[in-house]
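Below you'll find the structure, written out as structure tokens, and then a few comments.
The shown structure was predicted, so the numbers you read here are calculated from the model rather than taken from an experiment. Every number for a ligand or one of its atoms is a count from 1 in the order of the listing.
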Amino acid sequence: MTQQMKRIGVLTSGGDGPGMNAAIRAVVRTADSRGMEVAGIIRGYQGLIDDEVVSLGHRDVSNIINRGGTILKTARSEKFKTDKGEKMAVATLKKHHIDGLIVIGGDGSYRGAQILHEKFQFPIVTLPGTIDNDLYGTDQTIGCATAVNTALESIDKIRDTIQSMERIFVVEVMGNKSGYIALQVALGAGAEDVLIPERSFDYPSMIKKIKAGHRKGKVSWIIIVAEGAAKAPDVAAKIEQLSGLETRFVVLGHVQRGGTPVAADRILATRLGVQAVELLLDGEYGKAVGVLQDEINIVNLVQACKMPEKHIGEYLRILELLR
Ligand code: F6P
């Protein structure tokens, strides 16, 4: 029989993502309805080191389900990666009588959670909060769907100018070391090509395709580049140099991380937030919560830290087919 938790902590860490607030809301309200208090930690692990803790009640999370960013703020803490930082973080958890912790974040945040769980036996559950969709054990991470949509909105606008001026356009999207966002965006935007870290590429064959298209009267191209594969300015310069065709680039950058979360992200965040609290209550620690084929899926944190192999073959085949 596990000991009933009285007070749990929640933090967001690493790059923010649309839907994190919906997750916080679900955590706070589930805990509240189960008779537990919630401590919100400001600025992720750095806030644990700096002892930045606030109480969160039912009303504190009103009207945030539709807001981008995170009301708890977030950070990437270098100090937490040290022995001293880890110990300071645990001391803050103890000082505030926090019995269990819910971490909402990406791979770096998961590794931090794993340390607290393994080294300090602290009860922890994690939720996948990152636009990158690069965590094992879940089909989707909170924020990815919105980030893809946001990128598509921008590219739809870029398409107007591309067509009017008959150019090649290279669009760089985020994703860290993963090409997932790039593939989604490429398909959704009807792009001609995509460069992702999971697949090697060479300029000669890309230029060959562009020139062949050009000969057939194709006058505009959209090429999506995952930030982990190459830098858009370099790709654009190279294409222009080798093809002789006017090429421009845009780096969408952090615009993809902001904005109102789409329905899929709000719903995912809400389901996972509830589940995370229930896992803590059930004494299931050191776990990462996700969704596979629309069912809640729970994996050990150690596994969850690994980057999954997503099936990219089908996406690439479709791009090739529809170009
Ligand atoms: O992990 C989310 C992410 O947006 C990545 O896609 C990107 O590589 C990184 O964070 C950017 O981090 P920062 O906001 O610290 O520049």
If we count only N and O atoms by modelled type, under 3.5 Å, do the side chains of Y180 and Q184 hold a donor and an acceptor together?
yes
ring-ring contact (aromatic ring centres under 6.0 Å, His included) against F80, all qualifying residues, sequence neighbours excluded:
Y45
Residues in ring-ring contact (aromatic ring centres under 6.0 Å, His included) contact with F201, at least two apart in sequence or another chain:
Y203
Tell me, do I8 and V27 make a side-chain contact under 4.5 Å, heavy atoms counted?
yes
SB check K209 E192 (cutoff 4.0 Å)
no
So side-chain hydrogen bond (donor to acceptor under 3.5 Å, both in side chains) across residues 246-269, not counting sequence neighbours, yields D16-R257, T146-D265, R167-E246, E246-R248
Write out the protein residues near ligand 1, meaning a non-hydrogen atom under 4.0 Å from one of its atoms, in order of chain and number.
R76, T130, I131, D132, M174, G175, N176, E227, H254, R257
